[in-house]
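Reviewing the structure listed below.
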Amino acid sequence: MNKKQPVKTIFLLASMFSLTFGLLLVATGGQVYAAKNIWAGDNTMEELVKKIDKGKASDDSMNWKDFKNSKVFKQEDSETKKCIENRQDLSNNLADYEVLHCFKSSDYGYKN
């Protein structure tokens, strides 16, 4: 009886699993496995809003805690900040389009 056969089978299965996992990771661009902040790399709210408006950034459930501590949010004027805070408070959720609308008109935060 060949005792090396189970080792070869295990090695073959492990290799196939690793290859399949690697292909899935490449196919999804890694986005499923790592959450990213859409404002990362932006220096101003205007830069973020341009990306959102052009469809280059999208997140319908932005991490409020991370966003309110970001450089982009902290540098913005008080009216826009208040608008974004009000929108976040309405549903305990902040979407990219809400940031866009608040940047364009801070009155947006007071509409339902």
Side-chain angles (χ1 to χ4, degrees):
M1 179 190 282
N2 188 354
K3 293 187 179 189
K4 290 187 178 185
Q5 187 64 32
V7 174
K8 287 181 182 178
T9 303
I10 291 171
F11 179 74
L12 179 63
L13 289 173
S15 298
M16 288 175 53
F17 177 75
S18 297
L19 181 61
T20 302
F21 181 74
L23 288 174
L24 285 174
L25 185 61
V26 169
T28 61
Q31 294 176 1
V32 172
Y33 302 103
K36 67 173 190 167
N37 297 327
I38 62 172
W39 59 89
D42 295 326
N43 293 313
T44 64
M45 184 76 73
E46 185 175 11
E47 290 177 13
L48 172 61
V49 166
K50 283 181 182 178
K51 284 188 343 189
I52 293 169
D53 199 27
K54 292 179 180 180
K56 293 182 178 180
S58 179
D59 188 351
D60 288 339
S61 185
M62 294 171 63
N63 185 317
W64 172 241
K65 197 179 278 187
D66 288 347
F67 186 67
K68 77 176 181 181
N69 291 320
S70 72
K71 168 176 64 170
V72 171
F73 183 77
K74 287 181 178 181
Q75 292 177 358
E76 196 50 46
D77 63 79
S78 60
E79 293 84 18
T80 303
K81 283 181 181 178
K82 187 66 178 162
C83 174
I84 292 170
E85 289 171 1
N86 288 339
R87 295 309 297 184
Q88 192 285 137
D89 286 341
L90 283 176
S91 65
N92 293 325
N93 186 17
L94 181 63
D96 55 5
Y97 64 87
E98 292 175 315
V99 172
L100 175 93
H101 291 302
C102 282
F103 183 77
K104 291 183 176 183
S105 171
S106 58
D107 289 340
Y108 180 75
Y110 301 99
K111 296 177 184 175
N112 288 328

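This one's a predicted model, so the numbers in the text were calculated from it and none came from an experiment. Just so it is clear, the values below take in all heavy atoms, side chains as well, and ignore hydrogens, waters and symmetry mates. Positions are given from 1, in the same order as the sequence printed here.
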**Request:** Provide the closest heavy-atom pair for Asp96 versus Ile52 in the form atom of the first, atom of the second, distance.
**Result:** O-CD1, 3.6 Å
**Message:** When you compare the side chain of Glu47 with that of Thr44, does any pair of heavy atoms fall below 4.5 Å?
**Reply:** yes
**Prompt:** Do Met62 and Tyr97 sit in the same hydrophobic cluster, where Ile, Leu, Val, Met, Phe, Trp and Tyr count as joined when their side-chain heavy atoms come under 4.5 Å apart?
**Reply:** no
**Item:** Side chain Lys51, main chain Ile38, donor-acceptor under 3.5 Å
**Value:** yes
**Complete:** Shortest non-hydrogen pair, Thr80 vs Ser106, comes out as N-CB, 4.2 Å
**Prompt:** If you look at every heavy atom in Asn69 and Lys74, which pair is closest and at what distance?
**Reply:** O-CE, 3.5 Å
**Prompt:** Taking C-beta and beyond as the side chain, do Phe103 and Glu76 meet within less than 4.5 Å on heavy atoms?
**Reply:** yes
**Request:** Rounded to the nearest 0.5 Å, what's the gap from NZ on Lys81 to CD on Glu79? Could you check?
**Result:** 10.5 Å
**Request:** Dump the intermediate steps for side chain to side chain donor-acceptor pair (under 3.5 Å) on Lys71 and Asn43, then the final yes or no.
**Result:** CA-CA 7 Å; Lys71 168 176 64 170; Asn43 293 313; 2.8 Å; yes
**Under 3.5 Å: donor-acceptor pair, side chain of Asp59, backbone of Ser61** = yes
**Item:** Ile84 and Met45, any side-chain heavy atoms less than 4.5 Å apart
**Value:** yes
**Request:** Grab the two heavy atoms, one from Ser105 and one from Cys83, that are nearest each other, plus how far apart they are.
**Result:** O-SG, 4.1 Å
**Message:** If you compare all heavy atoms of Asn93 against all heavy atoms of Glu98, which two are closest, and at what distance to 0.1 Å?
**Reply:** O-OE1, 3.7 Å
**Item:** Closest non-hydrogen atom pair between Lys68 and Phe73, with its separation
**Value:** O-CD2, 3.3 Å
**Item:** Under 3.5 Å: donor-acceptor pair, side chain of Asn37, backbone of Trp39
**Value:** no
**Prompt:** With side chains defined as the heavy atoms from C-beta onward, is the minimum distance between Asn86 and Tyr108 less than 4.5 Å?
**Reply:** no
**Message:** A side-chain contact here means heavy atoms from C-beta on lying under 4.5 Å apart; do Asp53 and Lys104 qualify?
**Reply:** yes
